[in-house]
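Basis for what follows: all heavy atoms, side chains included, without hydrogens, waters or symmetry-related copies.
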Amino acid sequence: MDNIKKLPQGKELLDNAVTQINQVAGSSVEKIAPVVYAAIDSMSVEDANRILLADSAAATAYLEKVTREPIRKACEPIIVESLDKKILGEVIVQDSWLLLVDNYNKLAGTTIGKMAKMEPVDMVLEEFVTGKVLDAVFYLIAKEEMNIRKHPTTRISKTIAKTLGWIDAS
């Protein structure tokens, strides 16, 4: 990315693309929760037991295994649609990305680019953004899982706390 910033208008194009990509990620979040909830609802007792007794990333690993593809399918249309929105005048993210990649690849193909060990980029933006959104989702799930495992009482609902308090009082 540092090399891209050195291109004429590279920093501006990259900043615009990153801003739009972040907005795209935010717009796809509403499609993720139902997929995760469905995976939790359909979890077997054996799966739940393995997660409880396993290492600190077991729930995340389980959710990633069973939801990564359904989340990708749910988010991809939103991501594609968002990447086709205008970000600056009549420029859409796709146009900005293609211009950026084209300029970068031209530079990478020059003697200077080869001396700088610049590799040409052949990246489909939709796949790249979708992958980054998925990585971010599972990173946040892992972070929350670690917090829950470290501080389990912070995740107890008021109803459970009342019930447990009633049991303790008996």
Contact between [X] and [Y] at the side-chain level, heavy atoms closer than 4.5 Å - yes or no?
X	Y	result
L125	L98	no
K73	E69	yes
I51	M43	yes
L107	N103	no
L134	R72	yes
K143	M146	no
D47	V66	no

With side-chain contact (heavy atoms from CB on, under 4.5 Å) as the test, pick out the partner of L83 among T130, I78, V129. V129

Are any side-chain N or O atoms of N105 and backbone N or O atoms of V121, one a donor and one an acceptor, separated by less than 3.5 Å? yes

Please check: side-chain N/O of E126 versus main-chain N/O of V80, any donor-acceptor pairing under 3.5 Å? no

Taking only Lys NZ, Arg NE, NH1 and NH2, and the carboxylate oxygens of Asp or Glu, determine whether R68 and D135 approach each other closer than 4.0 Å. yes

So, E46 and R50, do they make that salt bridge, N to O below 4.0 Å? no

Rounding to 0.5 Å, atoms CZ (F138) and OG1 (T67) come to a distance of 3.5 Å

